[in-house]
Every structure is written in C-alpha cells, then in structure tokens.
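Residue numbers begin at 1 in each chain, while the letters A, B, ... track the order of the sequences. This one's a predicted model, so the numbers in the text were calculated from it and none came from an experiment.
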There are 2 protein chains.
Amino acid sequence: MPRKITLKQIAKELDVSVSTVSKSLKDSPEISLDTKEKVKAFAKLYNYKPNNIALSLKNRKTKTIGIIIPEIVHHFFTTVIQGIEHVANEKGYNVIICLSNNSFDKEVLNLEFLANGSTDGFIMSIAKETQQKEDYHHIKEVINQGMPVVMFDRVIDEVICDKVVISDKHGAFEAVQYLIDHHCKKIAIISTVDYVSVGKLRTEGYKDALITNDMEIDQDLILKIEDVDHSEEKIEEFLKNKNVDGIFAVNEQFAVNAIKVLKKLHKKVPEDVSVIGFTDGVVSKSFIPSLSTVNQHGEEMGAKAANLLIDRLENEAEEQSFQTTVLDTSLIIRDSVKK
Amino acid sequence: MPRKITLKQIAKELDVSVSTVSKSLKDSPEISLDTKEKVKAFAKLYNYKPNNIALSLKNRKTKTIGIIIPEIVHHFFTTVIQGIEHVANEKGYNVIICLSNNSFDKEVLNLEFLANGSTDGFIMSIAKETQQKEDYHHIKEVINQGMPVVMFDRVIDEVICDKVVISDKHGAFEAVQYLIDHHCKKIAIISTVDYVSVGKLRTEGYKDALITNDMEIDQDLILKIEDVDHSEEKIEEFLKNKNVDGIFAVNEQFAVNAIKVLKKLHKKVPEDVSVIGFTDGVVSKSFIPSLSTVNQHGEEMGAKAANLLIDRLENEAEEQSFQTTVLDTSLIIRDSVKK
DNA sequence: AACCTTAACTCTAACGTTTTCGTGTTGAAA
DNA sequence: TTTCAACACGAAAACGTTAGAGTTAAGGTT
C-alpha cells in the first residue's frame with residue numbers, strides 16, 4: 001500500500017528541494033524548464049495531488065461549505081441540496097452534508113465539528129427541537145466567530161444572517177384562494193403545531209385568505225398535528241363529522257393522509273372535496289388522484305443560498321448588510337381539486 | 001469578527017508557551033495545577049476548540065468518512081445514509097456526502113477531492129454512467145493509495161474491496177414466487193437495461209422463479225427500460241395488448257407507473273393484476289392501493305458498510321481479506337397483490 | 001579587478017496542533 | 001558544599017504546502 005506521495009518524497013527522489021518541486025508544479029518562472037519538466041513528469045507518474053488538508057491549513061480556507069439539515073428523507077431538502085451542490089461545484093466549492101435528525105444536541109455537535117476548520121461557511125435549516133427550545137446560542141456563536149451562515153426554509157428572526165425563505169404565507173394564501181375561487185365554502189386546514197415556523201405562517205396565509213373573502217374563521221376547521229406518525233388517525237377523527245368541501249394541508253404527508261381518510265369516509269376527491277398540499281414531492285405526482293400542491297422551488301432556494309454564502313465568503317472585506325430573500329411559490333394544479 | 005482563538009493566542013495572552021497551553025488542556029501531569037486551571041479557565045472563556053484541520057494534518061487522520069452516491073432524491077439512498085450516519089457518529093466519525101449525479105466525471109472529481117486528505121475512507125455506490133463505461137480506474141487508484149473503500153448496492157466485481165449487497169436475485173425470486181403462489185399465470189417483469197447490475201440480477205431472479213415452477217420464459221413479457229423519464233409511455237405500450245395477471249417491477253417508480261397504466265386500461269389491482277415492486281420507498285406506503293415491495297433494508301445496509309469501513313480503518317495493521325456481505329431482503333405484502 | 005545582474009535554486013516561516021526532548025530552578029540527601 | 005531528583009515549563013520538530021527572502025555561481029560591465 002503506497003501511501004499518497006508528497007512533495008517531500010518527490011523532492012527526495014529527484015534530489016531537489018521541496019520548494020523547487022512546488023514551484024515546478026506551479027510552473028513558476030524561477031525554475032528552469034529542464035527541472036520543471038522532470039518534476040512534472042515524475043509527479044504525473046506517481047499521480048501526485050496536493051493534500052487538501054495541508055492546503056486548507058495554509059490558506060485558512062477550505063473551499064468547502066457545510067449544509068446542516070434536519071433530515072434527508074424528505075424530498076424538499078434533497079432538492080435544496082441539489083441546488084446548493086450545483087452552484088457550489090460551479091464555483092469550485094465542495095459540499096459537506098450533516099444531518100441533525102431534528103435533534104438539538106446533534107445540531108450543536110455538527111455545527112461545532114464543521115466550524116472547527118472543516119468549512120468556510122454554512123447553509124442550514126434548523127432542527128424542530130431547536131425551534132421548540134428557542135436556543136440559538138450555537139448558531140450565534142459560529143456567526144460571532146466570523147463564519148458566514150445562510151439559513152433557509154426554517155429561519156429564525158433572532159439570528160442575524162442571510163436568509164432564504166419562500167413566501168409561506170402567500171403560498172398558503174394562493175392555495176386557499178384557489179379553493180375559494182373554485183366553489184369551496186367550508187375549507188379546513190391541516191397544519192403543524194405553532195412552534196414550527198412554517199406551519200404557523202401557512203396557517204396565517206389560510207386565515208388571511210378567508211378574511212379577504214369575507215369568510216369566517218372557524219377554529220373547528222383548524223387542525224394542528226404534533227405527532228406526524230399518527231397523523232392519519234388524528235385526521236380521521238378531525239374529518240369524521242365535518243362536511244368540508246376543501247382541505248389545505250401544510251405538507252404532502254398530511255394531504256395524502258387526508259385523501260386516504262376521505263376515501264374511507266366515502267367522500268370523493270375532487271368531486272366532494274378538493275385538496276391542496278404543500279411541497280411538491282415524489283408522492284404528489286404519483287398519487288391517485290395526483291396532488292395539487294404549492295411548489296416550494298427547492299432547487300432554486302438552494303442555489304440562492306449557495307450564491308449568498310459564496311458571495312459573502314469571497315467578499316469578506318466589504319461588510320455588506322444581511323439580506324432575506326423571499327422566493328415565490330407557485331401553485332401546481334393537478335387532479336385533487338375541482339377545475 | 002473575532003476569528004476563532006488558537007493555542008498561540010492563548011499562550012501569548014497568558015504569557016506561557018504554546019506547549020504549556022496544549023498540555024494544560026490535555027490535563028498533562030507535567031503542568032502545575034495552578035497553570036492548568038488558569039489556562040482552562042481562559043480557554044473556556046474564549047470557547048477554545050482545537051482546529052480540526054490542524055489535527056487532521058498532524059494525525060494524518062480525519063475521522064471522517066466519505067459517502068459517494070449517485071443521487072440523493074431517492075429514498076433508498078437516504079435510508080442507507082441514515083444507517084451510515086448512525087454507526088459513524090457512534091464511533092466518533094463524521095460523514096461527508098458527495099453526489100455523483102450518476103455522472104462518471106463527477107464521480108472521479110468527488111473521489112479525488114475526498115481522497116486528497118479529506119477523508120479516511122469511502123462508502124460508495126457507483127454511478128450509472130460508470131457502470132456503463134466500465135471504467136473503474138479511479139476507484140482502483142484510491143484503493144491502491146491505501147484508502148479503504150466499501151461498495152454497496154451497485155458493486156463491481158473487478159474492484160477488490162469490501163462490499164455490502166442485498167440478494168437482489170433472491171429478493172426478486174421471492175417476489176415472483178409469491179405471485180406464482182397466488183395464482184398468477186402470466187407474469188411480466190419491468191426492468192432496467194442490463195448494464196445496471198441490480199436490474200440484471202433482479203431479472204435473473206425473475207427467470208429463476210419461473211423456471212423453478214416449470215413456467216416458460218416469454219421474452220415478450222420482459223420489458224427493459226432505458227429512460228426512466230418516459231417509463232410510463234413505454235409501460236403503456238408494453239402492457240396494452242398483453243393479458244398479464246402479475247407484474248414484478250424492479251423499482252418503485254416502475255411499479256407505480258404500471259398501476260397507473262393498468263387503471264387506464266381498466267384493469268383492477270389487485271383483482272385482475274397483482275403488482276410487486278422493489279425498494280420500500282415513501283410512495284409505496286402512501287399509494288392507493290398500497291404497494292407490495294421487496295424491502296432492501298437500506299439502513300441496515302448503511303450500518304453494515306460503516307462497520308466494515310471503520311473496522312478496516314482501526315485495524316490497519318492486520319491485513320484482513322475482503323468480504324462481501326449479502327443482506328437479506330424481505331417481502332412486504334400490501335394491497336397491490338391478491339392474498 | 002571590483003562590481004552588478006541574472007538564472008536557478010534553497011531556506012525559512014507560516015498555518016495550528018501535539019509530543020519528545022531539553023533546561024533551569026528548587027529542595028533535599030550525601 | 002556538592003550532587004541529584006523532581007518539578008514546571010519551553011523549544012523544536014513534525015504533518016504538507018506555499019511564497020517571499022536568501023544564496024550561489026556564472027557571466028557581463030566598467
């Protein structure tokens with residue numbers, strides 16, 4: 001097992017100094033053509049590649065950006081990652097992905113690990129547990145240490161940094177408005193508990209749409225689900241004795257489960273009830289009926305976040321003020337709604 | 001922006017040497033209690049954390065394992081990652097994920113980047129394009145340089161290293177056997193082109209099952225799809241004039257599309273046709289009818305791969321021979337088949 | 001002959017750590 | 001008084017790389 005070759009070894013073999021080797025490989029004019037060619041040939045033969053770790057240490061730059069996300073088994077996040085990857089690779093950056101599994105402790109650990117030299121900056125979406133605890137000291141700390149951070153999707157007002165979000169409220173508004181425009185009179189929302197920022201915002205959008213159309217907000221039509229794993233039962237209980245004709249769900253899973261429950265209750269989608277979800281995942285397209293959703297444009301979001309971060313990394317001199325980019329959503333109409 | 005504090009800075013502040021600081025923080029008996037406490041207090045105050053890059057360089061170990069996978073928008077891979085993460089974190093390793101996007105070039109780039117000091121070893125599943133090109137020099141090279149590599153799922157016989165696979169053939173066999181046992185007489189398979197190793201193996205399992213049960217292999221019942229994006233049309237064309245009563249699909253997408261096509265052709269699932277897919281993804285559970293599948297146990301696979309790799313990393317002295325672990329699949333019976 | 005230029009290298013410091021090997025100061029035993 | 005541990009600390013090298021500041025020898029200028 002021949003370990004990777006280093007400049008030192010090449011230098012020894014060719015009986016020159018390390019700096020000569022280094023300069024030769026960089027095509028420095030200080031070195032004679034003869035020597036340069038000899039070195040280059042040797043380096044190629046042994047497939048020399050500079051050690052990134054050493055470079056990082058020397059340059060105090062890793063050319064790597066860290067992504068910390070709550071979970072990966074989630075189509076939205078994977079599309080965001082695609083977007084980040086794309087931009088990052090184009091600009092010569094590599095990407096490290098770490099999972100917090102929605103755990104506060106793991107998020108802290110990940111952040112610490114990556115902040116200690118492994119990356120130049122972060123793109124992150126916060127863990128559910130962190131949002132619940134409202135403890136953001138770890139994020140503030142890395143920012144204080146001079147690490148640029150870009151937050152996306154689940155963002156925190158208290159933390160001052162660049163952010164990329166979608167107009168959750170407006171997306172929800174549009175969805176509900178569509179339902180209203182298409183003759184729904186009694187529209188329910190299936191949302192998450194309020195500490196999940198996006199759930200809260202989407203609920204606000206729902207309410208806004210009702211108010212704008214002079215409809216009443218009926219607390220009985222608002223379901224907030226804590227435990228995703230048992231959402232189907234909760235939804236069944238919720239829908240059992242309500243004669244709703246429209247449902248807006250704040251994520252894909254809730255929408256799918258709602259349709260399942262409706263089938264069980266012998267209601268037809270979309271004839272009796274129209275359903276719109278949030279997040280355009282794999283399930284939405286395949287489901288029967290295919291699901292109308294609010295598209296979050298994850299890839300675009302990732303791209304924007306990466307651009308913001310790299311911008312900041314490469315222009316550290318000028319202190320630009322932080323910005324929050326709001327991306328538009330778009331409504332994808334499929335078969336789960338009346339048209 | 002106070003950059004991260006270093007040993008040197010602490011040393012200067014406290015007017016001691018760098019080594020004293022380092023030793024103090026490691027609680028070395030060489031240092032007086034007095035000094036140690038002073039240093040520790042100071043370090044804590046300024047939240048000193050050793051720089052990973054420097055440590056990696058010094059120790060020639062990164063305590064990081066690299067994962068290279070073809071795509072992330074794929075539930076199976078995300079579960080594998082979960083499994084790897086879990087084991088790795090438990091054993092004090094971090095995880096870097098890189099995407100090849102099924103491109104050969106990107107796979108080479110990723111491998112080179114990660115091999116140059118960023119990780120101690122790899123866990124990878126090969127890009128489709130690489131399998132097609134049958135060019136594995138990049139992988140052989142990193143192995144030659146002393147990097148342990150564990151391959152999973154899509155593995156290559158020519159590359160000698162630890163491997164973790166599922167019994168694709170046997171999983172397919174069981175699925176088809178189930179169909180046969182439940183009165184299917186004319187069973188079709190929807191597979192991928194042969195250069196994708198798993199597609200080939202699963203097709204073999206399908207054939208084996210037929211042969212074992214004295215049924216004929218009818219090439220007309222075998223569909224091989226190249227382009228996933230237009231699979232639905234291909235499947236429709238394929239199924240149009242065939243009176244099959246059982247379908248085995250080598251992935252989730254094909255299974256779902258098959259059911260859609262069947263509905264369009266006014267066949268009922270499972271009454272008229274039983275369908276079994278491969279990979280237990282998000283869609284399978286939610287789909288109506290819920291999809292019977294061959295479960296690949298991704299998490300287990302990831303865990304096994306991580307264990308193999310870490311074992312090799314921590315026992316570099318003893319040259320163990322390479323092993324291929326074959327994990328069992330299991331059949332999950334849901335509503336898409338007759339029972 | 002004394003000086004300068006230039007080509008072609010080499011040396012050194014630096015990035016942040018750890019660790020081995022000094023080294024100077026005590027206090028005590030001989 | 002000399003000698004020697006023990007103690008508490010510092011200096012230096014090493015990991016692999018790069019870049020600026022030397023160094024050397026050959027040749028050219030005055």
query: Just checking A:Thr6: base, sugar-phosphate only, or nothing, at a heavy-atom cut-off of under 4.0 Å?
result: sugar-phosphate
query: For A:Ser22 and B:Thr20, take the nucleotide of DNA chain D holding the closest heavy atom to each; which residue's nucleotide lies nearer the 5' end?
result: B:Thr20
- line: Nearest heavy-atom contact between A:Asp135 and A:Thr130 is O-CG2, 3.4 Å
message: Between B:Arg60 and D:dG16, is there a contact of a side-chain N or O with OP1 or OP2 at under 4.0 Å?
response: yes
message: Between B:Ser17 and B:Thr20, is there a side-chain donor-acceptor contact under 3.5 Å, judged purely by atom types and distance?
response: yes
field: d(CG, B:Asp27; C1', C:dT18) in whole Å
entry: 16 Å
- request: Looking at every strand, decide which applies to B:Val16 at a 4.0 Å heavy-atom threshold: base, sugar-phosphate, or nothing.
  value: sugar-phosphate
query: Taking it one step at a time, do B:Asp153 and B:Phe76 satisfy side chain to side chain contact (heavy atoms under 4.5 Å, CB included)?
result: CA-CA 10 Å; B:Asp153 195 49; B:Phe76 170 64; 3.6 Å; yes
Electrostatic pair B:Glu314:B:Lys63 at N-O distance under 4.0 angstrom: yes
Residues A:Lys106 and B:Glu85 bridged, charged N to O under 4.0 Å: yes
query: Quick one: which of D:dG16, C:dT19, D:dA14 gets closest to the side chain of A:Ala54?
result: D:dG16
- line: A:Lys58 NZ to D:dG16 P, in whole Å, measures 16 Å
message: If we ignore hydrogens and angles and just use 3.5 Å, is the side chain of A:Asp120 paired with the main-chain N or O of A:Thr62 as donor and acceptor?
response: yes
task: Kindly say whether B:Leu99 contributes a backbone atom to a donor-acceptor pair with the side chain of B:Asn110 at under 3.5 angstrom?
output: yes
message: Which is more 5' along DNA chain D, the nucleotide nearest B:Pro29 or the one nearest B:Asn59? Just name the residue.
response: B:Pro29
task: Let me know the distance between CD of A:Glu30 and C1' of D:dG20, rounded to the nearest Å.
output: 9 Å
message: So B:Ser32, base contact, sugar-phosphate only, or nothing? Heavy-atom distance under 4.0 Å.
response: sugar-phosphate
- prompt: Hey, is the side chain of A:Lys36 poking within less than 4.0 Å of OP1 or OP2 on C:dA8, counting only N and O atoms?
  reply: no
- prompt: Does the base of D:dA11 carry an N or O that pairs as donor and acceptor with the side chain of B:Ser19 under 3.5 Å?
  reply: yes
- prompt: What is the distance from NZ of A:Lys49 to P of D:dT17, rounded to the nearest Å?
  reply: 13 Å
field: Separation of atom CG in B:Leu7 from atom C1' in C:dC15, rounded to whole Å
entry: 13 Å
- line: Taken to the nearest whole Å, CG/A:Leu14 to P/C:dC9 is 12 Å
task: Give the angle between the helix axes at the two ends of the helix from C:dA1-D:dT30 to C:dA30-D:dT1, taking five base pairs at each end and rounding to 10°.
output: 100°
For atom NZ of B:Lys12 and atom C1' of D:dG10, their distance in whole Å: 18 Å
field: Residue A:Lys8, side-chain heavy atoms: nucleotide from D:dT17, C:dC9, D:dC15 that is nearest
entry: D:dC15
- prompt: With sugar-phosphate meaning primed atoms plus P, OP1 and OP2, does A:Thr35 contact a base, only sugar-phosphate, or nothing at under 4.0 Å between heavy atoms?
  reply: sugar-phosphate
query: Would a 4.5 Å heavy-atom cut-off, applied to side chains only, mark A:Asn51 and B:Asn116 as touching?
result: no
Side chain B:Lys23 and base C:dT20 donor-acceptor under 3.5 Å: yes
- prompt: Just how far, in rounded Å, is C1' of D:dA14 from CG of B:Leu55?
  reply: 14 Å
